[in-house]
Enquirer: 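One structure coming up, written as structure tokens, with questions to follow.
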Amino acid sequence: MSRAPLAPYPHLRPRRLRQADWIRRLVRESTVSPADLIWSMVVHDGPDAEIPIAAMPGTSRLSVARAAAAAKEARALGIPAIAVFPYIDGEKKDARGSSAADPDGLIARAVKAMKDAAPEVGIMCDVALDPFTDHGHDGLLEGGRILNDPTIERLVEQGLMQARAGCDILAPSDMMDGRVGALRAALEAEGHQDVMIMAYAAKYASAFYGPYREAIGTAVALQGDKKTYQMDPGNTEEALREVAMDIAEGADMVMVKPGMPYLDIVRRVVEAFSMPTFAFQVSGEYAMIMAAAQNGWIDEERAILESLTSFKRAGCAGIISYFAPRAARLLGA
Ligand code: PBG
């Protein structure tokens, strides 16, 4: 960016532009609005109830009926889309994640109910096996190894099921190599050319997913870690290669995950590819803000909005966040 030479102090006093709210608002470079948010939501298959998620105060697992009502709420709040994640009962899990592509399963029913309730709200589904496997991994496991190509076949079945149920955006979060291309080809072959793909392109093996494992019920199950498929937190250049591959394979949008600890990656991806780039403010980020706020250590509302603004400043087109409905209300929606 080219810059004019700066007048020296006292001719230039940066504080002039901070002296009152009206001028601060006028010169603000980045703002967050409800239109930037994707509401991250966990659904369950039980009777009609909200089941609080202990590690994420203020969030609950929603029944299908409540998820449909939440879709209407998203519409009223101006939130464009919902990302839905399933809590799967233990007895429906097995080593192969067999229920991941069940056309009558929880995800299919939740997507249909939400699209019926509020067709104007976009629905995004995770493509990954971890909610459905008894070992908690995103792929098929054999002798302690995650099998890439056999996993892709299962992911394609899962993604097609989601598209048939009415899902608007498939979001592969599994980090297998080649899955975006396989999903795109399968969608085209079955006539789902309008179904979008938001690739979890640069997804790191992160401690910040901790509370999510409680939320979707994999905390007890996960054997080992996900470091052979999710990225090493020390890497940037690799993130650019991952994103480049997913775009080349047909991703319409890309995502960086987690969010706040990886804003440098967001910035580099935005600058390198000029593609709609999203970040996921994950469960652990939510939990950190809420835990500090509940101890009276930070101002909850300001921290929520400041954290979301940081994503926009980094260059995000939008943010997947558990704070979405809360933030939209704070923003006056
Ligand atoms: C699973 C998946 C995870 C999240 C979204 N999809 C967890 C993981 O990869 O272990 C994390 C969401 C969050 O922490 O809020 N494929």
Side-chain angles (χ1 to χ4, degrees), residues 37-43 53-61 82-88 93 97 100 106-107 124-141 146 148 151-152 154-155 158-159 162 167 169-177 179-180 183 197-233 242 246 254-262 278-291 307-308 311 319-324 326:
L37 302 173
I38 298 177
W39 179 351
S40 184
M41 184 186 294
V42 181
V43 294
I53 301 167
M56 300 174 67
T59 68
S60 296
R61 299 197 277 265
I82 294 173
V84 59
F85 299 91
Y87 176 96
I88 301 296
K93 300 188 189 204
L106 171 59
I107 278 292
M124 174 161 125
C125 290
D126 234 43
V127 183
L129 300 183
D130 58 314
F132 308 95
T133 54
D134 55 13
H135 46 69
H137 280 290
D138 295 27
L140 300 173
L141 192 63
I146 300 294
N148 195 88
T151 296
I152 289 181
R154 302 282 297 117
L155 297 173
Q158 182 184 27
Q162 293 166 345
C167 175
I169 306 175
L170 302 190
S173 73
D174 54 287
M175 288 299 278
M176 296 302 118
D177 297 330
R179 86 284 204 216
V180 171
L183 283 167
I197 296 179
M198 182 189 295
Y200 283 74
K203 174 170 176 178
Y204 288 84
S206 174
F208 292 100
Y209 309 147
Y212 172 86
R213 308 243 161 100
E214 181 212 324
I216 71 153
T218 58
V220 186
L222 182 66
Q223 295 167 11
D225 58 48
K226 300 190 175 185
K227 291 178 186 171
T228 70
Y229 45 108
Q230 299 178 349
M231 284 179 52
D232 189 290
E242 281 281 5
D246 285 357
V254 294
M255 191 206 299
V256 173
K257 180 184 175 195
M260 286 166 65
Y262 294 87
F278 292 76
F280 198 141
Q281 184 179 46
V282 299
S283 56
E285 300 176 64
Y286 179 96
M288 282 196 300
I289 290 174
M290 292 304 289
S307 70
L308 294 170
F311 291 100
I319 309 118
I320 298 107
S321 175
Y322 300 91
F323 284 124
R326 181 80 190 285

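Counting starts at 1 for both ligands and their atoms, in listed order. In what follows, every heavy atom counts, from backbone to side chain, and hydrogens, waters and symmetry copies are set aside.
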Enquirer: Near K226, which atoms of ligand 1 are under 4.0 Å from a heavy atom of that residue?
Expert: 8 (C), 9 (O), 10 (O)
Enquirer: Does D138 approach ligand 1 within less than 4.0 angstrom via side chain, backbone, both or neither, non-hydrogen atoms only?
Expert: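 Side chain only.
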Enquirer: Do any nitrogen or oxygen atoms of Y322 come within less than 3.5 Å of a nitrogen or oxygen of ligand 1?
Expert: yes
Enquirer: Please confirm whether M175 comes under 4.0 Å of ligand 1, counting heavy atoms of the residue only.
Expert: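 M175 does not count as a contact of ligand 1 under the 4.0 Å cut-off.
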Enquirer: Tell me, please, which residues at least two apart from R179 pass salt bridge (charged side-chain N to carboxylate O under 4.0 Å, His left out).
Expert: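 Only D174, D246 meet the salt bridge (charged side-chain N to carboxylate O under 4.0 Å, His left out) criterion with R179.
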Enquirer: Run the contact test for Y286 against ligand 1 with a 4.0 Å cut-off on heavy atoms, strictly below, and give the result.
Expert: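 Y286 does not count as a contact of ligand 1 under the 4.0 Å cut-off.
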Enquirer: Examine Y200 against ligand 1 and note whether any of their N/O atoms are separated by less than 3.5 Å.
Expert: no
Enquirer: Could you give the distance from CG (L106) to CZ (F85), rounded to the nearest 0.5 Å?
Expert: 13.0 Å
Enquirer: When you measure from the side chain of E214 to the backbone N and O of P211, does any donor-acceptor pair fall under 3.5 Å?
Expert: no
Enquirer: What atoms in ligand 1 come closer than 4.0 Å to a heavy atom of K203?
Expert: 1 (C), 2 (C), 3 (C), 6 (N), 8 (C), 9 (O), 16 (N)
Enquirer: With atom 4 (C) of ligand 1 as the reference point, say which of Q281, K257, R213 has the nearest heavy atom.
Expert: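 Heavy atom nearest to atom 4 (C) of ligand 1 belongs to K257.
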Enquirer: Heavy atom under 4.0 Å from ligand 1: found in S283's side chain, backbone, both, or neither?
Expert: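 It is both backbone and side chain that touch ligand 1.
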Enquirer: Quick check on ring-ring contact (aromatic ring centres under 6.0 Å, His included): which of Y262, Y209, Y229 does Y204 satisfy it with?
Expert: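 That would be Y262; it is the only one of Y262, Y209, Y229 passing the ring-ring contact (aromatic ring centres under 6.0 Å, His included) with Y204.
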Enquirer: Report yes or no: does a heavy atom of D174 sit under 4.0 Å from some atom of ligand 1?
Expert: no
Enquirer: Within this structure, what is the CG-CD distance for the pair D134 and Q223, rounded to the nearest 0.5 Å?
Expert: 7.0 Å
Enquirer: Can you tell me which residue and heavy atom of the protein come closest to atom 1 (C) of ligand 1, and the distance to 0.1 Å?
Expert: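 In this structure, atom 1 (C) of ligand 1 has D130 OD2, 2.9 Å as its nearest protein heavy atom.
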Enquirer: Run the side-chain hydrogen bond (donor to acceptor under 3.5 Å, both in side chains) test against Q281 and tell me which residues pass, sequence neighbours left out.
Expert: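 Expected list: S307, S321.
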Enquirer: Give me the nearest non-hydrogen protein atom to atom 6 (N) of ligand 1 as residue plus atom name, then the distance to 0.1 Å.
Expert: D126 OD2, 2.8 Å
Enquirer: Give the atom numbers and elements of ligand 1 that come within less than 4.0 Å of a heavy atom of A128.
Expert: 16 (N)
Enquirer: Which heavy-atom pair separates L222 from G136 by the least distance, and what is that distance?
Expert: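 Minimum heavy-atom contact is CD1-O, 3.3 Å.
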Enquirer: Quick one: NE2 on H137 to CG on D130, what's the gap to the nearest 0.5 Å?
Expert: 10.0 Å
Enquirer: Look at the side chain of D138 and the backbone N and O of A128, then say whether any donor-acceptor pair between them is shorter than 3.5 Å.
Expert: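 No: the side chain of D138 does not pair with the backbone of A128.
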Enquirer: Touching ligand 1 at all, E285? Heavy atoms, strictly under 4.0 Å?
Expert: no
Enquirer: Quick one: nearest non-hydrogen protein atom to atom 12 (C) of ligand 1, plus distance?
Expert: Y212 CD1, 3.3 Å
Enquirer: Does NZ or CZ of K203 come closer than 6.0 Å to the centre of the six-membered ring of F280, within 45° of the ring's axis?
Expert: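 No; the conditions do not both hold, so K203 does not lie above the ring face of F280.
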